[in-house]
Student: 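Below is one structure. I have some questions about it.
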Amino acid sequence: MQFFQKFAVLATLLLCTGAYAGSPKEIFWEDLIPKGHVQIDTQAQANHEGSEQNWVQPDLDAPVVKELDGQSVSLPGFVVPLEGDSEVITEFLLVPYFGACIHVPPPPPNQIVHVTIKGGVPIESLYDAIVVTGVISTETWSGEIAQVGYKMKAVGVAPFEL
């Protein structure tokens, strides 16, 4: 009986670590929009001129893809820093295009990921795209800049390469 219990514990550990040992799923911004949802194209509408209405975040009730919750993923995007210092950032928004939330209105919440990374990460240039890897959740976050539909606990950040 003791052998069976040890075997069951070992098998459980192997199965659990196996789920995390695999490569993260590569996703892209369209994967964050549920199938069938008609998304507002805010990037095409955004400009640096115009009325205050242009600076309002659209589609605050944009739905998220619940199936992504808890998955290990890699997602490319641009950084909007929230916390850190001149060397590293520990908290940021990941957005699909440069200038979102800073120079132009934020995209819908399902197109913004609130990222935290323990110990921080250096970001050489906010103009360059990066790839963030970590566990994504459908937990919302709200700050002064935007309302967010996803959160991620990042384990790695790398430059985006075509």
Student: Which atom names give the shortest non-hydrogen contact between Pro106 and Pro58, and what distance separates them?
Tutor: O-CD, 3.2 Å
Student: So that I know where these two stand, are Phe98 and Tyr127 an aromatic pair - ring centroids less than 6.0 Å apart?
Tutor: yes
Student: Tell me whether Gln111 contacts the main-chain N or O of Trp29 through its side chain, where contact means a donor paired with an acceptor under 3.5 Å.
Tutor: yes
Student: Test of understanding: with side-chain hydrogen bond (donor to acceptor under 3.5 Å, both in side chains), list the residues that count as partners of Thr133, not counting sequence neighbours.
Tutor: Ser74
Student: So, taking the atom named CD1 in Ile130 and the one named CD in Glu124, what distance separates them when rounded to the nearest 0.5 Å?
Tutor: 11.5 Å
Student: Is it the case that one hydrophobic cluster holds both Val79 and Tyr97, taking links as side-chain heavy atoms less than 4.5 Å apart, direct or via other members?
Tutor: no
Student: Hey, what do you get for CD (Glu139) to CG (Asp69), rounding to the nearest 0.5 Å?
Tutor: 9.0 Å
Student: Give, for atom OG1 of Thr140 and atom CD1 of Ile112, the distance between the pair rounded to the nearest 0.5 Å.
Tutor: 12.0 Å
Student: Can a donor-acceptor pair be found, under 3.5 Å and without considering hydrogens, that links the side chain of Gln57 to the backbone of Ala146?
Tutor: no
Student: Using side-chain contact (heavy atoms from CB on, under 4.5 Å), reason through Ile136 and Leu32 one step at a time and then give a plain yes or no.
Tutor: CA-CA 11 Å; Ile136 196 166; Leu32 301 181; 4.2 Å; yes
Student: What distance do Met152 atom CE and Trp141 atom CH2 have between them, rounded to the nearest 0.5 Å?
Tutor: 15.0 Å
Student: Can you tell me how far apart CD1 (Ile33) and CG (Asp59) are? Round to the nearest 0.5 Å.
Tutor: 9.5 Å
Student: Rounded to the nearest 0.5 Å, what separates atom CG in Asp31 from atom CD in Gln71?
Tutor: 10.0 Å
Student: Compile the donor-acceptor pairs under 3.5 Å between side chains in residues 83-94 and protein atoms, sequence neighbours left out, one pair per line.
Tutor:
from  : atom 1 : to     : atom 2 : distance (Å)
Asp85 : OD1    : Glu87  : N      : 2.7
Asp85 : OD1    : Val88  : N      : 2.9
Glu91 : OE2    : His114 : NE2    : 2.6

Student: Just by distance, do the side chain of Asn110 and the backbone of Pro63 share a donor-acceptor pair under 3.5 Å?
Tutor: yes
Student: Are Leu75 and Leu68 joined in one hydrophobic group, where the rule is that I, L, V, M, F, W and Y side chains link up if heavy atoms are under 4.5 Å apart?
Tutor: yes
Student: Where do Ile123 and Val157 land on the side-chain contact (heavy atoms from CB on, under 4.5 Å) test, with the steps shown first?
Tutor: CA-CA 9 Å; Ile123 300 294; Val157 174; 4.2 Å; yes
Student: By the rule that ILVMFWY residues connect when side-chain heavy atoms come within less than 4.5 angstrom, directly or transitively, which residues belong alongside Phe160?
Tutor: Val131, Leu162
